[in-house]
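Notes follow the structure.
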Amino acid sequence: MYQLRKLIKNLENEIQELVGPESISLRISNNPNFDFQINNLVKFQNHKKIKNIVNSFYKIIDKESSIKKFEITDNYFINLEINIETFTHNFDKVRNNIKVENPQTVLLDYGGPNIGKPLHVGHLRSLNIGRSLYRIYKLAGHNVLSDIHMGDWGMPIAQIISYIDQNKIDIDNINIDSLEKIYPKASNLYFEDNEFKELAQANNKMLNENNSKIIKKWHKLREISIESIKNTLQVLNQQFDLWMGESNVNHLIPGMIKKLKDDGKISHDDGAYVSNFISEPKILITKSDGSYLYLTTDLATVLNRTKQNKVDKTLYIVDKRQKLHFEQLFKSIKYFEFSDKDYQHIAFGTVNDSNGNPYKTREGDAKKLIDLFKETSLRIKQINKDLDDDTNKLLANTVLTFSDLKTNRMTDYKFDLDKFTNISGKTGIYVQYALVRAKKLLNNASINTNTLNLNIPDFDESDLNLTRELIKFEYFFNLALENNEPHHLADYLYELSNLFNSMYQNESILENKNEIVKFNKLKITEYFIAYSSLLMECLGLEPVEEM
RNA sequence: GCGCCUGUAGCUCAAUUGGAUAGAGCAUCUGACUUCGGAUCAGAGGGUUGGGGGUUCGAAUCCCUCCAGGCGUGCCA
């Protein structure tokens with residue numbers, strides 16, 4: 001697609017000369033007879049110079065060798081059919097063509113597990129979207145860092161420690177299962193039992209003051225929790241560059257508050273500190289007892305990160321209910337002059353059960369990710385019991401990832417295991433199957449496809465359809481990159497797989513006596529394999545060899 | 001109360017971020033085939049985009065209003 005950049009530039013210069021500032025954008029055509037369309041002329045249909053514009057556009061496009069055929073319709077839509085040859089030459093260079101001109105350092109903050117709590121369904125989308133964006137940014141040539149940003153400090157920790165103390169539980173022999181049971185009990189007690197609440201508040205204060213006895217317990221709990229989190233992440237094929245958390249910045253907070261106070265950026269209000277930035281609701285910086293909030297820690301994290309890494313852009317991949325929090329955070333970063341870099345909340349909707357309620361276990365807890373994985377794995381075993389464990393694991397992860405990423409991230413969606421493991425349909429299983437089939441085909445052909453060239457005049461309809469779809473890769477990649485929306489790529493991967501299956505099913509390729517036709521199809525298959533693999537990389541999927 | 005979001009085919013979701021005739025999958029129905037891996041392919045039916053008004057050459061998308069749901073809202077994270 002970048003072959004058309006010069007054309008767009010020329011058209012842009014021309015229209016700017018005639019009517020002033022205006023940009024030209026290329027879109028995928030929704031007319032099956034064409035590849036791309038330009039819609040920027042439509043709004044000038046009543047412009048006095050419209051005839052001049054059309055005339056000069058005709059001349060410019062007519063000269064462009066990568067355009068085979070074009071039309072400018074009565075209502076001034078421009079339709080372009082490309083010369084496939086000029087694009088297929090670039091199929092081998094796609095990894096270079098998607099590189100951005102100005103690479104940046106991008107930090108992705110996602111995952112966000114809490115100490116004492118297992119990874120559960122609520123973490124699924126953050127992990128999937130985060131991993132996908134990580135790979136997309138990386139493929140675009142950016143320098144990318146992921147930070148799991150653990151909830152490893154503050155009141156929840158104080159609650160757990162208080163419960164352990166109160167019930168005289170031996171912390172040295174505690175394991176992850178018992179720890180996970182303590183968390184909800186402690187949390188409930190906090191709201192029901194005033195005495196317990198006071199104890200927890202006292203412990204929280206001591207934690208913030210780095211009391212050595214409390215810190216020792218905190219260390220132990222953190223260690224157990226992280227081990228369990230790492231185990232789950234390994235099963236889900238997730239990695240992180242940084243394992244920072246709230247505890248890493250706690251020591252920065254007193255200084256931060258003091259400076260804000262001295263600079264007159266915050267003031268006392270009912271004992272708490274609020275930002276002097278005028279907004280509704282007011283932005284609360286600390287609690288009235290002097291202890292810290294979510295926002296306090298996040299602000300300190302921003303300070304810490306600006307010190308440690310030169311980050312141009314920070315993406316917080318956190319569910320959309322926290323919108324207000326991030327609005328307040330971003331306003332505060334600017335108002336407090338902590339940073340003038342780019343900060344964005346990459347919000348997403350909730351995962352619901354088939355009735356549209358948040359996905360829970362029978363007991364009413366959020367479903368553990370490890371259990372969800374096991375159920376998915378079991379379901380795949382029911383479909384094909386002969387798969388080895390590695391393949392089963394890859395397919396289970398494919399299901400959990402693809403079904404999540406094919407939906408627009410802002411939409412709440414219903415998690416339906418039956419549907420997502422369905423043998424037919426727009427599923428992760430389907431795209432894996434198409435790739436396995438394609439690889440097997442090349443294997444059976446025993447021909448070195450590297451040496452083959454496409455002979456486009458001999459293409460049949462199914463060859464053309466798949467090839468023309470491959471050309472759109474850069475378009476969808478950029479769409480996903482610019483909007484932080486992986487679902488465009490999931491949808492595109494399905495589309496490609498479908499077109500490959502269609503070509504495959506159309507006739508028996510290997511038995512074709514016409515070598516030109518046969519070699520064409522094998523070469524296209526080779527490209528399909530490369531593109532499908534690349535898309536899987538973008539989505540965080542790993543191809544299986546057999547299924 | 002205030003603020004934000006959602007409402008698209010029977011179901012689950014898209015819609016190039018304001019573009020042409022709103023598209024997919026599932027389900028339903030029809031067809032291909034003793035298969036280079038059928039976990040497949042080809043086709044059909046299915047819509048007043050919650051209702052009404054407005055802006056625009058053009059609206060599922062923007063504005064107003066009503067209806068129905070969800071979420072967030074100064075001491076959880």
Side-chain angles (χ1 to χ4, degrees), chain A residues 25-31 37 39-40 42-46 73 75-77 79 112 114 117 151 153-156 159 187 190-191 246 269-274 280-289 291-295 297-298 318-325 327 347 349-350 354 356 383-384 403 406-408 410-416 418-427 429-430 432-434 436-437 440-445 462 472 475-476 478-479 482-483 485 487-488 490-491 494-495 498 501-512 518 521-522 525 546-547:
Chain A
S25 58
L26 195 69
R27 295 152 176 274
I28 303 281
S29 178
N30 45 20
N31 180 336
Q37 58 173 301
N39 302 338
N40 304 71
V42 186
K43 63 176 158 183
F44 294 106
Q45 58 184 266
N46 293 323
T73 65
N75 44 352
Y76 305 104
F77 284 95
N79 291 315
N114 296 315
K117 272 204 275 190
W153 199 255
M155 190 51 85
Q159 288 170 6
S187 179
Y190 184 79
F191 291 105
E246 296 169 342
D269 193 326
D270 286 343
Y273 276 110
V274 296
E280 184 56 42
K282 283 194 240 176
I283 302 175
L284 191 65
I285 304 294
T286 68
K287 294 195 224 176
S288 46
D289 70 352
S291 60
Y292 313 137
L293 291 149
Y294 188 19
L295 186 62
T297 327
D298 268 4
V318 181
D319 100 80
K320 67 182 177 187
R321 288 173 296 189
Q322 296 187 33
K323 190 173 181 240
L324 180 61
H325 167 75
E327 280 171 6
T350 50
S354 50
I383 299 169
N384 185 347
S403 57
K406 79 173 177 182
T407 317
N408 183 320
M410 285 300 278
T411 314
D412 298 339
Y413 77 94
K414 293 181 182 174
F415 188 93
D416 187 332
D418 289 334
K419 222 164 247 172
F420 294 164
T421 54
N422 199 340
I423 269 184
S424 56
K426 198 185 235 174
T427 64
I429 304 278
Y430 180 92
Q432 288 276 17
Y433 180 72
V436 167
R437 233 182 176 188
K440 198 64 181 279
L441 175 65
L442 283 201
N443 252 339
N444 293 342
S462 67
K472 299 174 189 169
Y475 180 83
F476 288 112
N478 285 329
L479 201 58
E482 279 163 23
N483 299 295
E485 289 176 343
H487 77 278
H488 299 290
D491 209 56
Y494 174 79
E495 206 55 46
N498 188 218
N501 272 333
S502 185
M503 182 185 84
Y504 183 94
Q505 197 77 16
N506 204 26
E507 58 175 277
S508 179
I509 296 169
L510 296 182
E511 282 166 29
N512 199 319
K518 176 173 157 181
K521 287 176 184 294
L522 291 176
T525 300
E546 277 188 313
M547 60 186 286

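What you see is a predicted model; the values in this text were computed from it and never measured. Chain identifiers are assigned alphabetically (A, B, ...) following the order of the sequence lines, protein sequences preceding nucleic acid strands; residue numbering begins at 1 within each chain.
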Between [X] and [N], is there a contact of a side-chain N or O with OP1 or OP2 at under 4.0 Å?
{"X": "Thr286(A)", "N": "C75(B)", "answer": "no"}
{"X": "Asn506(A)", "N": "C41(B)", "answer": "no"}
{"X": "Lys287(A)", "N": "C76(B)", "answer": "yes"}
{"X": "Arg27(A)", "N": "U17(B)", "answer": "yes"}
{"X": "Ser187(A)", "N": "C76(B)", "answer": "no"}
{"X": "Asn79(A)", "N": "A20(B)", "answer": "no"}
{"X": "His488(A)", "N": "A14(B)", "answer": "no"}
{"X": "Asn46(A)", "N": "C57(B)", "answer": "no"}
{"X": "Asn422(A)", "N": "A39(B)", "answer": "no"}
{"X": "Lys323(A)", "N": "C4(B)", "answer": "no"}
{"X": "Ser502(A)", "N": "A42(B)", "answer": "yes"}
{"X": "Asn30(A)", "N": "A20(B)", "answer": "yes"}

Sugar-phosphate, base or nothing in reach of [X], heavy atoms under 4.0 Å:
{"X": "Tyr292(A)", "value": "sugar-phosphate"}
{"X": "His487(A)", "value": "sugar-phosphate"}
{"X": "Asn498(A)", "value": "sugar-phosphate"}
{"X": "Glu511(A)", "value": "nothing"}

(message) When the P atoms of U40(B) and G45(B) are compared, how many Å lie between them, rounded to an integer?
(response) 23 Å
(request) Determine the interatomic distance between C1' on U55(B) and the same-named atom on C62(B); round to the nearest Å. (result) 8 Å
(message) Once rounded to the nearest 0.5 Å, what's the spacing between atom OG of Ser462(A) and atom CG of Asn501(A)?
(response) 11.5 Å
(request) To the nearest 0.5 Å, tell me how far Phe77(A) CZ sits from Arg27(A) CZ. (result) 9.5 Å
Quick one: look up who [N] pairs with, Watson-Crick or G-U, both distances under 3.5 Å, and put none if it's unpaired.
{"N": "G72(B)", "answer": "C2(B)"}
{"N": "G58(B)", "answer": "none"}
{"N": "U17(B)", "answer": "none"}
{"N": "G7(B)", "answer": "C67(B)"}
{"N": "A24(B)", "answer": "U12(B)"}
{"N": "A42(B)", "answer": "U30(B)"}
{"N": "G47(B)", "answer": "none"}

(request) Ignoring hydrogens and angles, answer whether the base of C13(B) and the side-chain atoms of Thr411(A) contain a donor-acceptor pair closer than 3.5 Å. (result) no
(request) Would you kindly check whether a donor in the side chain of Gln505(A) faces an acceptor in the base of A42(B), or vice versa, at under 3.5 angstrom? (result) no
(message) Can you confirm whether Glu327(A) is buried at CD, in the sense that more than 12 heavy atoms of other residues, nucleotides or ligands lie under 6.0 Å from that atom?
(response) yes
(request) Answer with yes or no after comparing the ring centroid distance for Tyr430(A) and Tyr494(A) against a 6.0 Å cut-off, counting only values under it. (result) yes
(request) Show your working on salt bridge (charged side-chain N to carboxylate O under 4.0 Å, His left out) between Lys414(A) and Asp416(A) and close with a plain yes or no. (result) CA-CA 6 Å; Lys414(A) 293 181 182 174; Asp416(A) 187 332; over 6 Å; no
(request) When you get a sec, tell me which of C57(B), U12(B), A15(B) is the closest nucleotide to the side chain of Lys419(A)? (result) U12(B)
